[in-house]
Amino acid sequence: MVQVAVLGYGTVGSGVVEVIETNHDSILAKAGVDLQVKYVLDLREFPGDPIEKKLVHDYDVIVNDPEVDIVVEVMGGTNPAYTFTKRALEAGKSVCTSNKELVARHGTELQQIAGEHHASYLFEASCGGGIPIIRPLRTSLTADVIDEITGILNGTTNYILSKMIDEGLEFEEVLRDAQQKGYAERNPEADVEGHDACRKIAILSSLAYGKCVDFTDIYTEGITRITSADIQYAKAMKKTIKLLAYSSRQENQVMAMVAPYLVDKNDPLYAVNGVFNAIFVHGNMLGDAMFYGQGAGKEATASAVVGDVIEEAQMLGKGVVASWSPEKQVLTDVSGTSKRFFVRVKGSAADSSAAEKAFGKIEVVDAGLAQEYGFVTECMTEAEYEDRASKMENVLGMLRIR
Ligand code: HSE
């Protein structure tokens, strides 16, 4: 029997207990692992709940119990999650988590500590919720050289953008509605400013390219500046708007960024709507692959966490090797990366000569909005775009085109 302690009895923690108990027999039959939840750590009381007798408030009970093999950290935040994880690994216990913030900040160090103690530190549920993406990158795709990852990695922003597009509403209005329905946090900053997607692409890029990508080095824009006017232009171009977390490697140069993009309807990411996530991966032998599914939610996330519990149980005493080297991956500056840009400007489409003067060949887009028009540039670098846009006085906004 493998004894498990769950840190945090919130949405994901209660889901983990449910998956282990509901699927106990099928896990045993398929994976040969007999899992049992021995403890649940939470500050709160849960009178009448089936876990009532397993509930502890003192972490020392768990970390000092030699019968506990695996600790599931689903508390969120970095503290005390970091300290608890470190102590468990140092005690030779394996840890798995859905905590993307902790993995992005301390994942390299925690994997090293796990290795030193023949334990594992796994985090499938930290990116893409229930979608298997970390394990495929860590195992199935190791024969490939991955050169691009593009993900819709944040369900909250994808829900907001999908609703803005479907109903023609403004960002603030949809955000309020999403908060009321529980799809967005009361403090939505990490999601809407792109920080959550940034941490996730840092984790995926570290895995894919083999060195530690520091999320604080990644250029990040959120969706707070997207307006219903942008949506109207997107529709006029038969495109949609998605918050994309992107990274690529060419030879040894890695770049990464998070920003809203215009996505064409022929693109596989176009149809990823609502709270769903998708991760598009390109490998030199694999070609294109896309991983799609529920990026959040109790059962889906818990399913991914318990998948890690099972792998750790199968590797007890040995540990799963670290997913990337502690060496820092230096990122190239996004200013040198090229793409086409969609630009909104004040004025009349009939008088686009100033835009042509600044940008050269352009395609004018008329979405029927009063006193403004849009245009699409030729492919150019971010630096070139900035330079050319600075020569115009009437720029209202810009979106990158995937
Ligand atoms: N806030 C995250 C999202 C939860 O909206 O995708 C899952 O990581």
Side-chain angles (χ1 to χ4, degrees), residues 8 10-16 19 72-78 81 96-107 122-135 137 149-164 171 174-207 215 218 220-224 226 241-246 258-260 269 272-280 291-308:
T11 307
V12 182
S14 57
V16 167
V19 172
V72 174
E73 182 277 297
V74 281
M75 313 170 77
T78 46
C96 58
T97 188
S98 57
N99 188 337
K100 58 258 169 162
E101 193 181 345
L102 187 65
V103 178
R105 275 185 202 282
H106 299 292
L122 297 181
F123 37 84
E124 177 63 65
S126 65
C127 300
I131 307 170
I133 179 62
I134 304 249
R135 190 165 288 101
L137 285 174
I149 302 175
T150 307
I152 294 174
L153 291 174
N154 183 267
T156 305
T157 46
N158 205 43
Y159 171 83
I160 293 173
L161 289 172
S162 300
K163 209 160 162 72
M164 285 174 75
F171 169 77
V174 181
L175 174 62
R176 268 196 307 277
D177 170 70
Q179 284 172 313
Q180 273 158 14
K181 290 188 170 135
Y183 294 149
E185 305 275 349
R186 253 175 305 159
N187 179 359
E189 189 186 332
D191 292 315
V192 299
E193 296 294 356
H195 305 317
D196 178 77
C198 167
R199 290 171 191 138
K200 291 169 177 168
I201 194 70
I203 296 169
L204 295 178
S205 304
S206 301
L207 266 160
F215 73 96
I218 297 178
T220 300
E221 275 179 30
I223 63 161
T224 53
I226 306 292
I241 302 174
K242 297 287 178 199
L243 182 69
L244 297 184
Y246 170 82
V258 176
L269 294 170
V272 179
N273 287 317
V275 292
F276 276 78
N277 282 192
I279 304 110
F280 171 90
F291 300 79
Y292 171 83
Q294 287 189 56
K298 175 177 168 172
E299 287 85 4
T301 309
S303 158
V305 173
V306 180
D308 281 349

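When a ligand or atom number is given, it counts from 1 through the structure's own listing order. Since the model is a prediction, treat every value here as computed from it, not as a measurement.
No donor-acceptor distance shorter than 3.5 angstrom exists from the side chain of Asn158 to the backbone of Leu243, with no hydrogens or angles considered.
Listed by chain and number, the residues in a salt bridge (Lys or Arg N to Asp or Glu O under 4.0 Å) with Glu189 amount to none (sequence neighbours excluded). Residues passing the salt bridge (Lys or Arg N to Asp or Glu O under 4.0 Å) test with Glu124 are Arg135, sequence neighbours excluded.
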Please tabulate, one line per pair, the protein nitrogen or oxygen atoms found under 3.5 angstrom from a nitrogen or oxygen of ligand 1, with distances to 0.1 Å, or say none if there are no such pairs.
from     : atom 1 : to     : atom 2 : distance (Å)
ligand 1 : 1 (N)  : Asp191 : OD1    : 2.9
ligand 1 : 1 (N)  : Asp191 : OD2    : 3.4
ligand 1 : 5 (O)  : Asn154 : ND2    : 3.4
ligand 1 : 5 (O)  : Gly155 : N      : 3.4
ligand 1 : 5 (O)  : Thr156 : N      : 2.9
ligand 1 : 5 (O)  : Thr156 : OG1    : 2.6
ligand 1 : 6 (O)  : Gly155 : N      : 2.8
ligand 1 : 6 (O)  : Lys200 : NZ     : 3.4
ligand 1 : 8 (O)  : Lys100 : NZ     : 2.6
ligand 1 : 8 (O)  : Lys200 : NZ     : 2.8

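Screening residues 97-106 for salt bridge (charged side-chain N to carboxylate O under 4.0 Å, His left out) gives Lys100-Asp196, Glu101-Arg105 as the qualifying pairs, with residues at least two apart or on separate chains.
Atom-to-atom distance recorded for Glu221:CD and Ile223:CD1 is 12.0 Å, nearest 0.5 angstrom.
The aromatic rings of Tyr159 and Tyr183 sit perpendicular to each other, their planes meeting at more than 60°, with 30° as the lower class boundary.
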